[in-house]
Structure formats: C-alpha cells, structure tokens
Enquirer: 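Dumping the structure here so I can ask a few things about it.
Just so you know, residue 1 is the first one in the sequence shown, and it goes up from there. For ligands, and for the atoms within them, numbers begin at 1 and follow the listed sequence.
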Amino acid sequence: MNSEVPQPPPDPADFDALYRGDFDALSRNRQPPGTEQLPGFRFDRVPWDIGEAQPVVRALEADGQISDEVLDIGCGPGENAIFLADRGYRVCGLDAAPAAIDIARGRARQRGLDERVEFAVADATDLSDYADRFTTVVDSALYHCFPEEQRLRYVTSLHGACRPAARLHLVCFSDRVPDDFPGPFRISEADVRDTLTEAGWDIHRLERSTYTTAMTRADMENQDSAPLAAAAAGLDHDDRGRLLAPAWLLTAERR
Ligand SMILES: C[S@@+](CC[C@H](N)C(=O)[O-])C[C@H]1O[C@@H](n2cnc3c(N)ncnc32)[C@H](O)[C@@H]1O
C-alpha cells in the first residue's frame with residue numbers, strides 16, 4: 001500500500017485464514033518495524049471472490065483459447081474452474097489453501113458439477129505430482145502473489161506440469177495499479193516477459209487488461225482512508241460497481 005515500503009510476500013497461511021473468515025488476514029499491517037505504519041485495510045469478504053468466473057476467462061473460452069486438460073492454478077473458490085467444467089472441459093483446480101479447496105468443492109457440488117472438476121491442495125511452486133499433464137493453464141491472479149525471487153521457480157513448475165505446446169493464460173496486477181490500492185505485487189511488463197521466456201514459454205500475447213475485484217468504490221470510501229478512496233476513484237468499475245484492477249493478460253506457449 002505504500003511504494004516507499006517493501007511489502008512482505010503474502011504468507012500462504014494467511015490465504016487459508018482469509019478463506020476461513022479472518023478477513024483481515026492478508027491486510028494486517030505487516031510493514032517492517034521502524035517504518036511508518038499505515039492503517040490496515042478492513043474488508044468483510046474475500047476481495048477477489050466475485051462469485052463467478054473472471055470476464056477475461058469467459059472471453060478466452062469464447063475465443064476458443066481453452067483445450068483439455070485445463071489446470072486452474074491458485075484456483076481459490078474455484079469459479080474459473082467450475083465455469084470451464086460447465087463449458088465441457090476437464091479441469092483440475094489447485095490451491096495451497098485447504099479452505100479454498102473446501103469452498104471450491106462445495107460450490108462445484110452445489111452446481112452439480114463435482115463429477116466434472118477435480119480440486120486438490122498443492123503448492124504451485126512444486127507440481128512434480130502433475131508432470132506433463134495439462135494442455136491449458138489459467139493463472140487468474142496467482143503470479144502477482146509471488147515475490148520476485150519465487151516467480152521463475154513458479155513458472156518453471158508450471159512448465160513441468162504441461163505438455164509441449166500447452167498454452168498458459170496469465171492475468172496479474174500490472175504496475176498501473178495505484179500504490180495505495182490494497183493488494184499484491186505490481187508486475188512490470190519486463191518482469192512477466194523475461195520470467196516467462198527464461199522458464200521456456202514463448203509469449204504470443206501480452207496486453208493490458210483488467211481483473212474484476214469484489215470491491216466497490218463505496219467499499220473503499222467506507223475504509224475512512226483518503227488515500228484508499230483516492231486510489232479507488234482512479235480505477236474503472238463495471239456495471240455492478242466492482243473495481244477493475246489494471247492487469248496484464250499474457251498468453252504463452254510451452255516450448
Ligand atoms: C488472488 S487469489 C486468486 C484466486 C482465483 N484464481 C481467482 O481469480 O478468484 C490467489 C490464490 O492463490 C493461492 N495461492 C497463493 N500461493 C499459492 C501457492 N504457492 N500455490 C498454490 N496456490 C497459492 C491463494 O490461496 C489464493 O487462493
């Protein structure tokens with residue numbers, strides 16, 4: 001939330017706590033001691049759980065960009081995976097947070113799709129149990145959770161889980177997300193381009209896009225923080241008032 005202060009990477013245990021209802025888990029003020037302590041961001045829901053697939057994932061599917069078998073990596077509550085299963089694809093959703101996997105399985109069951117989508121707990125930086133399996137990977141807002149020193153390991157791990165010529169569609173926060181907006185690491189074009197290329201991915205598309213959040217401008221104004229409200233005011237929103245975080249959409253092919 002403050003560009004002057006290096007942000008610590010999110011702790012995987014915090015994601016699990018968040019999914020179990022501790023909504024402050026990721027946004028507690030964790031700046032290093034001795035630095036200016038900013039007011040924490042308080043929210044009453046999972047800030048990326050929009051209860052449906054991301055519009056960008058729907059658009060990729062409509063454009064014929066998905067093929068069996070699909071990996072939804074860092075699937076969270078499973079909405080992208082469930083959407084793709086409903087569209088007829090074989091899908092595997094993986095997340096490091098056991099609570100996310102419980103939620104995803106519950107939603108798949110409720111929608112009668114539990115036979116068509118598999119969810120499991122896994123660390124995306126070690127996918128050795130899934131070697132050479134997938135032909136499409138969807139990363140909807142996981143890459144930007146990793147600090148710089150872990151990103152290469154992560155996309156190398158994805159490479160190992162894919163078959164040759166598999167496609168990776170990756171959506172991550174870009175460096176146009178305002179500093180005061182809560183959230184993960186901001187990713188530069190050079191970062192994502194160089195990291196993917198080094199790990200054996202040929203980039204076919206790298207363009208500006210948006211990631212739909214579960215937060216509205218009103219939610220941000222209710223935080224009683226002028227910087228947060230100003231950051232939100234600078235973002236576009238959809239017709240339901242949900243803030244759209246500036247993002248990269250990258251499509252790459254496994255060499
Ligand atoms: C910002 S959320 C995005 C969730 C979902 N893809 C979506 O768009 O709604 C990032 C997800 O990545 C998961 N995650 C974080 N680190 C991970 C890791 N090392 N391996 C697998 N999942 C991880 C978190 O638990 C969280 O569910």
Side-chain angles (χ1 to χ4, degrees), residues 7-23 25-27 41 43 45-61 70-85 91-105 107-108 117 119-130 134 136-158 160-161 168-174 177 181-187 209-215 242-245 247-249:
Q7 291 288 291
D11 182 336
D14 291 342
F15 283 103
D16 199 61
L18 177 77
Y19 287 118
R20 292 187 193 284
D22 176 3
F23 297 116
L26 275 184
S27 52
F41 170 71
F43 206 50
R45 72 202 88 131
V46 175
W48 52 84
D49 184 4
I50 61 171
E52 60 181 324
Q54 280 288 321
V56 71
V57 173
R58 290 173 184 274
L60 287 164
E61 196 279 329
V70 185
L71 169 62
D72 179 6
I73 189 69
C75 63
E79 291 293 344
N80 294 319
I82 292 168
F83 164 74
L84 293 172
V91 190
C92 172
L94 300 176
D95 200 285
I101 295 303
D102 289 346
I103 293 168
R105 285 182 180 148
R107 289 187 190 182
V117 54
F119 288 107
V121 175
D123 176 358
T125 65
D126 177 7
L127 295 173
S128 42
D129 288 347
Y130 297 88
F134 301 104
T136 306
V137 180
V138 173
D139 170 340
S140 169
L142 173 56
Y143 181 88
H144 64 203
C145 295
F146 291 111
E148 199 175 344
E149 64 276 11
Q150 287 180 23
R151 290 174 199 151
L152 179 61
R153 180 168 172 203
Y154 162 53
V155 294
T156 301
S157 159
L158 282 185
L168 164 65
H169 303 294
L170 185 154
V171 182
C172 64
F173 275 28
S174 81
V177 176
F181 191 77
F185 295 104
R186 278 54 164 163
I187 304 296
S209 182
T210 57
Y211 180 82
T212 303
T213 74
M215 299 178 279
R242 300 181 297 197
L243 294 170
L244 304 176
W248 295 113
L249 168 60

Enquirer: What pairs with Phe173 under ring pair (Phe, Tyr, Trp, His ring centres under 6.0 Å), at least two apart in sequence or on another chain?
Expert: His144

Enquirer: Non-hydrogen atoms closer than 4.0 Å to ligand 1: which protein residues do they belong to? List them by chain and number, please.
Expert: Phe15, Tyr19, Trp48, Gly74, Cys75, Gly76, Asn80, Asp95, Ala96, Ala97, Ala122, Asp123, Ala124, Ser140, Ala141, Leu142, Cys145, Phe146, Tyr211

Enquirer: Exactly one of Leu18, Asp22, Asp16 should register a side chain to side chain contact (heavy atoms under 4.5 Å, CB included) with Arg20. Which one does?
Expert: Asp16

Enquirer: Give the minimum heavy-atom separation between Pro77 and Arg107, together with the two atoms involved.
Expert: CB-NH1, 3.4 Å

Enquirer: Is the NZ or CZ atom of Arg151 both under 6.0 Å from the centre of the six-membered ring of Phe185 and within 45° of that ring's axis?
Expert: yes

Enquirer: How many angstroms lie between SG in Cys145 and CG in Asp14, if you round to the nearest 0.5 Å?
Expert: 11.5 Å

Enquirer: Is the distance between the ring centroids of Tyr154 and Phe146 under 6.0 Å?
Expert: yes

